[in-house]
Amino acid sequence: MASILYWHRSSGVPPSDVAIEDMILCKMAQQLGMPYSTGIVEYAKVKKDLSTSFKDIKKLLKTFSIIDRDRNGLVDISDLGWYLGVPSGAGLKMVFDSMAPASDGFLTFHNYVHGLLARCSSPHLQNEEFLHTIFNYLDQDHNGALSEADMFRLPIHNAAARHTTDDFYQITPQIGFGEVLIDTPRGVDNDDLCNCSAEEFKALLSEYKEYVLLFEAYRNIGIIAT
């Protein structure tokens, strides 16, 4: 209870808004090496407003623990850039700000969940035209499938974390977004050519939602032509 009250004083979220699922997430955060209070996301509100499952929130907490390199419960823009494998610049700043528009330079897990899921559920990012714009940009030979070389077309390098199963994550340094295509365990062809259809690409982005925001940012600043 002391942890909840401390978090309440620093965040303004009343203890009455903390659900049992938040307590489970707090315990999980502690097991992942972060402060206990990191896990509070106001789960009842997330479930109602963003229509997501508890399983998905637990996955996001595992991802957040990887992005949070010093495990202090806070992510700064350099942490996010390291995870996404992108250099500092306008695109990365747009992604960070879209998840924490009023932050003090740090992203909490609460910010990360609410910002990421709210942004990725917006109609224009769910729009088939947006997804096809990204797919067609990457599909350099216009054969209707993405190869590993296609996936490396964007300036993304050394993405640091990829999951190996539905339930566990591991650090895998020195890989890029093209490697995401290889390592994804379902929804994508895993042959040597990594042929990925538009539908498989859509499934891939549903797993790695942060890249939806990155692609949007690159489109907005003109790296990806519309």
Side-chain angles (χ1 to χ4, degrees), residues 46 49-53 55-57 59-60 63 67 80-81 83-101 112-163 166 172 175-226:
V46 172
D49 295 344
L50 301 173
S51 302
T52 193
S53 69
K55 180 180 179 180
D56 287 340
I57 298 299
K59 282 185 178 182
L60 289 177
T63 300
I67 304 172
L80 185 62
Y83 173 74
L84 292 174
V86 299
S88 60
L92 178 61
K93 187 176 188 304
M94 288 177 70
V95 175
F96 188 86
D97 289 348
S98 70
M99 289 191 278
Y112 173 72
V113 168
H114 287 262
L116 181 65
L117 295 181
R119 291 290 300 136
C120 288
S121 63
S122 63
H124 78 283
L125 293 186
Q126 293 294 318
N127 190 299
E128 292 292 330
E129 182 180 352
F130 168 74
L131 296 173
H132 280 289
T133 295
I134 306 304
F135 183 87
N136 291 335
Y137 174 82
L138 293 172
D139 183 15
Q140 298 179 65
D141 55 10
H142 306 293
N143 67 349
L146 299 182
S147 67
E148 183 179 353
D150 290 329
M151 298 299 281
F152 278 105
R153 187 176 182 193
L154 287 172
I156 298 172
H157 309 286
N158 302 329
R162 295 293 167 259
H163 67 75
D166 285 348
T172 310
I175 63 176
F177 188 66
E179 294 289 339
V180 177
L181 184 63
I182 297 172
D183 293 343
T184 301
R186 62 183 183 281
V188 177
D189 292 332
N190 288 329
D191 58 25
D192 291 338
L193 295 178
C194 296
N195 292 324
C196 176
S197 69
E199 284 303 309
E200 289 169 333
F201 181 66
K202 183 178 178 180
L204 183 66
L205 291 184
S206 73
E207 289 289 334
Y208 299 100
K209 293 180 173 63
E210 297 88 355
Y211 284 100
V212 175
L213 301 187
L214 185 63
F215 290 145
E216 179 194 29
Y218 281 160
R219 184 182 65 168
N220 288 343
I221 64 178
I223 292 178
I224 298 176
T226 55

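Side chains included, hydrogens not; waters and symmetry mates left out as well; all remaining heavy atoms used.
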> Keeping the roles fixed (side chain from D139, backbone from F135), state whether a donor-acceptor pair exists under 3.5 Å.
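Answer holds: no.
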> Taking all non-hydrogen atoms of both residues into account, name the closest pair between S206 and K209 and its distance.
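Smallest heavy-atom distance, with atoms named: O-NZ, 2.8 Å.
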> Nearest 0.5 Å, what's the CD1-CG distance between I57 and L50?
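Taking CD1 in I57 and CG in L50, the distance rounds to 7.5 Å.
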> Sequence neighbours excluded, which residues qualify as side-chain contact (heavy atoms from CB on, under 4.5 Å) partners of D49?
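With sequence neighbours excluded, D49 shows a side-chain contact (heavy atoms from CB on, under 4.5 Å) to K45, given in chain and number order.
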> Measure across L60 and Y112 and return the closest heavy-atom pair with its distance rounded to 0.1 Å.
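So the two residues come closest at O-CE2, 3.6 Å.
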> What's the shortest heavy-atom distance between E210 and T63, and which atoms?
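That would be OE2-CG2, 3.7 Å.
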> Can you list the residues that meet the side-chain hydrogen bond (donor to acceptor under 3.5 Å, both in side chains) rule with K202, with sequence neighbours excluded?
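Per chain and number, K202 pairs via side-chain hydrogen bond (donor to acceptor under 3.5 Å, both in side chains) with E128.
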> With sequence neighbours left out, what residues match D56 under side-chain hydrogen bond (donor to acceptor under 3.5 Å, both in side chains)?
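Scan of D56 (side-chain hydrogen bond (donor to acceptor under 3.5 Å, both in side chains), adjacent residues dropped) gives S53.
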> If you compare all heavy atoms of V95 against all heavy atoms of A217, which two are closest, and at what distance to 0.1 Å?
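Result for this residue pair: CG2-CB, 4.1 Å.
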> When rounded to the nearest 0.5 angstrom, what distance separates CD in E216 from OG1 in T133?
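Here the rounded value is 12.0 Å.
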> So among L213, V113, L117, which one has a side-chain contact (heavy atoms from CB on, under 4.5 Å) with M99?
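The residue from L213, V113, L117 that satisfies side-chain contact (heavy atoms from CB on, under 4.5 Å) with M99 turns out to be L213.
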> Can you tell me how far apart CD1 (I221) and CE (M94) are? Round to the nearest 0.5 Å.
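Spacing of CD1 (I221) from CE (M94) equals 7.0 Å.
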> If you look at every heavy atom in F130 and V212, which pair is closest and at what distance?
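So the two residues come closest at CZ-O, 3.9 Å.
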> Hey, does the side chain of Y211 reach the backbone of L84 with a donor-acceptor pair shorter than 3.5 angstrom?
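Yes, because the side chain of Y211 sits within donor-acceptor range (under 3.5 Å) of the backbone of L84.
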